[in-house]
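Input: a single structure, listed below in structure tokens.
Proteins come first, then strands; the chains are lettered A, B, ... in the order of their sequence lines, and each starts at number 1.
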2 protein chains.
Amino acid sequence: MADIEKRRGKPVTSYDVAKKAGVSQSAVSRCYKAGASVSAKTREKVRIAAEELGYEPNAIARSLITKRSNSVAVIIPNLTNLYYPEVLAQLGQRFSKRGIRVLLFALETESDAEDALQQIWQYQVDGVIAAAKLSEKQIAEFSRRKKPLVFYNRHSNDHSASAVCCDQAEGAETLATGLVESGHNSAAIICGPPDSVVGQEREQASEARLRELGMTDIVKIDGDFSYECGAAAIDKILDKHGNIPDAIMCVNDMSAIGVIDSLRFEHDLKVPDDVSVVGFDGVGPANWLSFDLSTVRQPVGRMTEAAVNMLIERIENPEIANEKRVFSGILMEGTSARLSG
Amino acid sequence: MADIEKRRGKPVTSYDVAKKAGVSQSAVSRCYKAGASVSAKTREKVRIAAEELGYEPNAIARSLITKRSNSVAVIIPNLTNLYYPEVLAQLGQRFSKRGIRVLLFALETESDAEDALQQIWQYQVDGVIAAAKLSEKQIAEFSRRKKPLVFYNRHSNDHSASAVCCDQAEGAETLATGLVESGHNSAAIICGPPDSVVGQEREQASEARLRELGMTDIVKIDGDFSYECGAAAIDKILDKHGNIPDAIMCVNDMSAIGVIDSLRFEHDLKVPDDVSVVGFDGVGPANWLSFDLSTVRQPVGRMTEAAVNMLIERIENPEIANEKRVFSGILMEGTSARLSG
DNA sequence: CAAAAAAATGCATGCGCATGCACCAGTACA
DNA sequence: TGTACTGGTGCATGCGCATGCATTTTTTTG
């Protein structure tokens, strides 16, 4: 029972268990491998010995041999954008259910993944999910090392990596179309940070569709996905443009909420009576009664599920070709915009 | 240049580099260890060879020898409670700056850490930060294995682990005192989930202080830290109590925001004119103009900094005694409650 | 310029486990 | 009773690196 090994806190190895159980080290090892050939008797002896000694297989040593660490890296930007915690939580739980550990790399800004990558290479993760921008060179490094990479809402120009995406353009176009068709004549677009492809795609698609449908009075305001940039945007619009447009399209929900708050509390305007506001993402607060945002919800559940599956498939069979899965967003007809005609 | 090793994608080892550089494997190894004795000439030869081959030391193999994985586990519950993403982001960045990798364990409910722990033992992490409830037995396992454990806003009954905490009771008492002193006569307390110690502490301290100051008309409502539970609470209060009290104390900001929204949009009441609402945490949305919550902000920056430091100290010197650091929250006098007189 | 001290290097070894191989005990069948 | 299997088992080996020790090279010093 209270064995010496236990008391000393010195790590228990498979040899210790083997000795105690009266079998060989290989037998112990096999007991921890599914489908290995071990008799019930041996298995039981080992189980008891292991329990008494408090043995757990050393995953590090195992990884060294099997070349599989059973862990993946998740690269995520900016957890203060409320969209990402949801993604992260789901990825975490899904991987965890599959017995895969998650190494977290939370970036301060999208583009400084270099550090994370360096660590990733050293750490021998089995694969990577990246919700951040990587350079072509960085992406090439993945194929050189034969490490599966799945982008989340990002992509590489030349299909050299797999990806799951929400169709940013489609969603933005739906919103833009709805706004024009319900009679809005002028618009502001609150943009994302310059290094965010997602932001750019939404912004460009929004503008293009608005113009396509005949709207010419469009002003674009810099932003960074934050509440604060949304709240500050109205004053910037006034500076730049003189008056508030009919509609404000924000590249994400957080900034849309900032816009709404600023309109209501700093400019005494009504949403959507005076101004329509739309966002993008469908984060939790978008549904709060205060905002009831008209937005496009990304199907995070299906997207994370797909990302996890794609990555695991490619870990198990590195030969599978790259694949890109694009999901349509779901229009949430909230009450922050007049959309229905 | 475009070496065969590269093309084949087969991993480059220190032996490969050694051969290419014309030195021994040990020399290569020493080049990657700070403070090791290597001549500038050798170092340069190795650097060039490593670069040409694309060599990165294998952290797994290194860990096997050094018994240090340079990684820590972070156990966190429920990322949908907006408080935790902030904590996680900060922990991630702080560890990352120190060259330590973070293994994320995102729990679905506070108390199912068993799975995570199993993985943690196998994975040989150097230490653990836990923002979740662990059983005494689980905590004992940490000392048996000599793995440093630092609780974040949790603790063990018998000081068998280190901890950083925000003083929940103090914060709750400050709020309760403020409410009574500014003339509130009745209150509801929206509680947290039953397995959350943090929630219980806040709830109990709130109630105790209210009663201590003479308030007797107090109703308690079950909750779970979510916006939804806050939004649903008003109806529950009416069911249970018949009328809405002067003040509603919520154990966290998310539920407080739900309460405010429900009061305003479902019951046509004004906050704080008709009802005062207070929260706890100081999460991002608490500052949004829509809410401007009266709350106690936890000094997350200092708390995470302390947690990281405490853990690293104990990894480097396991003999250091346990320590508990308690931080005071900061009263944020928003406008969701009449507090100032 | 020789002797002593210091720095640099290589050799050999082992961390804890998984796995190919040879071997042994059983069971099936003729 | 013998031959051919099958499932179980142990032995030996190596994953990629760090590190103690012995050895060689360089530097320092009298």
Side-chain angles (χ1 to χ4, degrees), chain A residues 5 8-47 49-50 53-71 119 121-126 145, chain B residues 5 8-47 49-50 53-71 119 121-126 145:
Chain A
E5 289 84 353
R8 305 271 296 287
K10 111 176 134 210
V12 182
T13 74
S14 56
Y15 278 100
D16 301 328
V17 177
K19 200 195 308 175
K20 179 144 202 158
V23 299
S24 73
Q25 180 268 327
S26 357
V28 176
S29 171
R30 282 190 257 264
C31 285
Y32 287 86
K33 169 159 184 174
S37 167
V38 194
S39 70
K41 209 191 309 170
T42 302
R43 199 179 289 278
E44 184 60 12
K45 280 191 293 187
V46 168
R47 198 189 59 70
L53 294 171
Y55 169 75
E56 298 283 346
N58 181 327
I60 298 280
R62 172 179 292 170
S63 301
L64 187 58
I65 301 176
T66 60
K67 316 269 189 201
R68 284 276 296 269
S69 64
N70 264 304
S71 61
Q119 299 213 16
W121 299 137
Q122 302 197 166
Y123 213 75
Q124 314 289 105
V125 298
D126 296 335
R145 299 187 190 245
Chain B
E5 290 84 350
R8 305 271 295 288
K10 113 176 134 211
V12 182
T13 74
S14 55
Y15 278 100
D16 302 327
V17 177
K19 199 194 311 174
K20 179 145 203 155
V23 299
S24 74
Q25 179 269 326
S26 357
V28 175
S29 171
R30 281 190 257 264
C31 286
Y32 287 87
K33 168 158 186 174
S37 167
V38 194
S39 70
K41 211 190 308 169
T42 302
R43 200 180 289 277
E44 184 60 10
K45 281 191 293 185
V46 168
R47 199 188 59 71
L53 294 172
Y55 169 76
E56 297 282 348
N58 181 327
I60 298 280
R62 172 180 292 171
S63 300
L64 187 58
I65 301 175
T66 60
K67 317 269 190 202
R68 285 277 296 269
S69 64
N70 264 305
S71 62
Q119 299 213 18
W121 299 138
Q122 301 196 171
Y123 212 75
Q124 316 287 106
V125 298
D126 296 336
R145 300 186 191 245

Task: Distance, rounded to the nearest Å, where A:Lys45 contributes NZ and D:dT9 contributes C1' - done: 10 Å

Open item on the list: Looking at D:dG8, I'd like to know if its phosphate oxygens (OP1 or OP2) sit under 4.0 Å from a side-chain N or O belonging to A:Ser37.
Closed with: yes

Open item on the list: Just the rounded figure in Å: distance from C1' of C:dC17 to OH of A:Tyr55.
Closed with: 7 Å

Open item on the list: Taking 4.0 Å as the cut-off, does a side-chain nitrogen or oxygen of A:Thr42 come that near to OP1 or OP2 on D:dT9?
Closed with: yes

Open item on the list: Could you tell me if the side chain of B:Thr13 sits less than 4.5 Å from the side chain of B:Asn58, heavy atoms only?
Closed with: no

Open item on the list: Mind checking if A:Tyr15 touches a base, just sugar-phosphate, or nothing, with heavy atoms under 4.0 Å?
Closed with: base

Open item on the list: For A:Arg47 and A:Glu44: C-alpha separation, side-chain torsions, deciding distance, then whether salt bridge (charged side-chain N to carboxylate O under 4.0 Å, His left out) applies.
Closed with: CA-CA 5 Å; A:Arg47 198 189 59 70; A:Glu44 184 60 12; 2.9 Å; yes

TODO: Could you please name the option among D:dA18, C:dT19, C:dA12 that lies closest to any side-chain atom of B:Ser29?
DONE: D:dA18

- [ ] Would you tell me if any nitrogen or oxygen in the side chain of A:Lys33 comes within less than 4.0 Å of OP1 or OP2 on C:dT19?
- [x] yes

- [ ] State, to 0.1 Å, how close B:Ala36 and B:Arg30 come at their nearest heavy-atom pair, and which atoms those are.
- [x] CB-O, 3.4 Å

Task: Nearest-Å distance for atom pair CG/P, residues B:Asn70 and D:dA18 - done: 11 Å

Open item on the list: Categorize B:Val28 for me: base, sugar-phosphate, or nothing, with a 4.0 angstrom heavy-atom threshold over every strand shown.
Closed with: nothing

- [ ] Report yes if a side-chain nitrogen or oxygen of B:Lys67 is closer than 4.0 Å to either non-bridging phosphate oxygen (OP1 or OP2) of C:dG16; otherwise report no.
- [x] yes

TODO: Take atom NZ of A:Lys19 and atom P of D:dG10, then tell me their distance rounded to the nearest Å.
DONE: 15 Å

- [ ] Nearest-nucleotide wise, let me know which of A:Ala61 and B:Lys41 is further upstream toward the 5' end of DNA chain D.
- [x] A:Ala61

Open item on the list: Using heavy-atom distances to pick each residue's nearest nucleotide on DNA chain C, tell me which of B:Ser24 and B:Ile65 is more 5'.
Closed with: B:Ser24

Task: Gap between atoms CZ and P, on A:Arg68 and C:dA18 respectively (whole Å) - done: 14 Å

Open item on the list: What does the B/S/- profile of nucleotides 22-27 of chain C look like, 5' to 3', with a 4.0 Å heavy-atom cutoff to protein?
Closed with: ------

TODO: Taking A:Ser69 for its side chain and A:Gln124 for its backbone only, find out whether a donor-acceptor pair lies under 3.5 Å.
DONE: yes

TODO: Determine: side-chain N/O of A:Thr13 to OP1/OP2 of C:dG16, distance under 4.0 Å, yes or no.
DONE: no

TODO: Could you check which of D:dT19, C:dC17, C:dG16 has an atom nearest any side-chain atom of B:Ser26?
DONE: D:dT19

- [ ] Indicate whether OP1 or OP2 belonging to D:dC17 is found under 4.0 Å from a side-chain N or O atom of B:Ser14.
- [x] yes

TODO: Apply side chain to side chain contact (heavy atoms under 4.5 Å, CB included) to A:Val23 and A:Val28, showing your working.
DONE: CA-CA 7 Å; A:Val23 299; A:Val28 176; 4.0 Å; yes

TODO: State the CG-OG1 distance between A:Asp126 and A:Thr66, to the nearest 0.5 angstrom.
DONE: 8.0 Å

TODO: Starting at atom CZ of A:Arg62, determine the distance to atom C1' of C:dT19, rounded to an integer number of angstrom.
DONE: 13 Å

- [ ] Kindly say if B:Ser39 contacts the phosphate of C:dA8, meaning a side-chain N or O under 4.0 Å from OP1 or OP2.
- [x] no

- [ ] Round to a whole Å and report the spacing from CD of B:Gln25 to P of C:dC11.
- [x] 11 Å

- [ ] For the pair A:Ser63 (side chain) and A:Ala59 (backbone), establish whether a donor and an acceptor sit closer than 3.5 Å, ignoring hydrogens and angles.
- [x] yes

Open item on the list: Using whole Å, what does the distance between atom C1' of nucleotide D:dA12 and atom CZ of A:Arg30 come to?
Closed with: 12 Å

TODO: Fit a plane to each ring of A:Tyr123 and B:Tyr123, take the angle between them on a 0 to 90° scale, and name the class: parallel (under 30°), tilted (30 to 60°) or perpendicular (over 60°).
DONE: tilted

- [ ] Tell me which nucleotide among D:dA12, D:dA18, C:dC15 gets nearest to the side chain of B:Leu64.
- [x] C:dC15

